[in-house]
Amino acid sequence: TCVFRRLLRTCWTKAYHNMATIDEKYKESNKLLLGIRNDLELLETGRDTSVFLQGRLAANINTLSRLTDVLDTMVGQQSATRRDIWRIRVKQLYDETQGLRRSMEHYLQRASTKQREEDERNALLERRNKGTGSDSHMDRLMKEGSSLSRSHTMIDDIEAAGINIIGNLSLQNESIKAVHRKIIDIANTLGLSKAVIRKIER
């Protein structure tokens with residue numbers, strides 16, 4: 001009888017220990033689950049997208065997954081009446097863990113795609129800016145070249161006009177000299193005095 005009582009007490013103690021352990025593990029898992037949900041909400045709403053938060057989320061999801069495996073192992077140690085209940089609880093916890101992992105992976109994929117698109121857009125803008133700068137430089141060079149060409153043309157025109165004026169003045173001077181000589185010749189022919197002729201020469 002004493003042996004039977006000790007055996008029974010041992011069985012009850014072991015059962016209570018197992019029950020307390022699985023309850024504690026389940027409570028720990030739910031607490032971790034709540035923290036993961038809160039962090040994931042911060043991440044997906046953009047209130048906190050830090051690398052630190054992402055690392056914490058990934059680590060906590062992995063920890064929750066390990067706790068779920070431990071709980072699944074402990075289900076088999078429960079009594080028949082409790083086993084089905086714990087099997088349902090652990091299955092729900094497992095499904096939620098997988099859902100959180102997928103949500104985290106989807107966020108990382110979206111963030112990666114967004115970052116890649118932003119990098120490509122910035123690279124395109126940089127190429128456009130460089131191209132615009134090159135075009136502006138070419139425009140300035142072309143304008144300077146055109147201005148120099150106009151300046152050279154104006155100088156050529158001024159030089160040509162000066163040559164033309166000088167030529168005309170030379171022709172006029174020669175004409176005046178010829179007229180002057182003609183007048184003197186006429187004066188000599190008419191027999192005017194030398195005083196008058198000298199005045200004409202002046």
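Keep in mind the model is a prediction, meaning the values are calculated, not measured.
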Subject >> Residues Leu34, Asn38; criterion side chain to side chain contact (heavy atoms under 4.5 Å, CB included); working and verdict >> reply: CA-CA 6 Å; Leu34 181 61; Asn38 291 335; 4.1 Å; yes
Any idea which heavy atoms bring [X] and [Y] closest together, and the distance?
X: Arg83; Y: Gln78; result: NH2-O, 2.8 Å
X: Tyr26; Y: Leu71; result: N-CD2, 3.8 Å
X: Leu93; Y: Leu64; result: CD1-CD1, 4.2 Å

[atom1] of [X] to [atom2] of [Y]: how many Å apart, nearest 0.5 Å?
X: Ile85; Y: Arg89; atom1: CD1; atom2: CZ; result: 6.5 Å
X: Glu96; Y: Ser103; atom1: CD; atom2: OG; result: 9.5 Å
X: Gln92; Y: Thr68; atom1: CD; atom2: OG1; result: 12.0 Å
X: Ile61; Y: Thr97; atom1: CD1; atom2: OG1; result: 8.5 Å
X: Asp23; Y: Trp86; atom1: CG; atom2: CH2; result: 4.5 Å
X: Glu44; Y: Arg110; atom1: CD; atom2: CZ; result: 6.0 Å

Is any side-chain heavy atom of [Y] closer than 4.5 Å to one of [X]?
X: Met104; Y: Leu43; result: yes
X: Arg82; Y: Ile22; result: yes
X: Asp39; Y: Gln54; result: no
X: Leu33; Y: Leu100; result: yes
X: Glu41; Y: Arg37; result: no

Original post:
Can Asp95 and Lys91 be counted as an ion pair, charged N to O under 4.0 angstrom?
Top reply: yes
Original post:
Should the pair Arg66-Asp69 be classified as a salt bridge under the 4.0 Å nitrogen-to-oxygen rule?
Top reply: no
Subject >> Set of side chain to side chain contact (heavy atoms under 4.5 Å, CB included) partners for Gln115, sequence neighbours left out >> reply: Glu118, Asp119
Original post:
Cluster question for you: counting only ILVMFWY and a side-chain heavy-atom cut-off of under 4.5 Å, with indirect links fine, are Tyr94 and Val75 together?
Top reply: no
**OP:** Say whether Leu108 and Leu42 are linked into one hydrophobic cluster, either directly or through other cluster members, by side-chain heavy-atom distances under 4.5 angstrom.
**Re:** yes
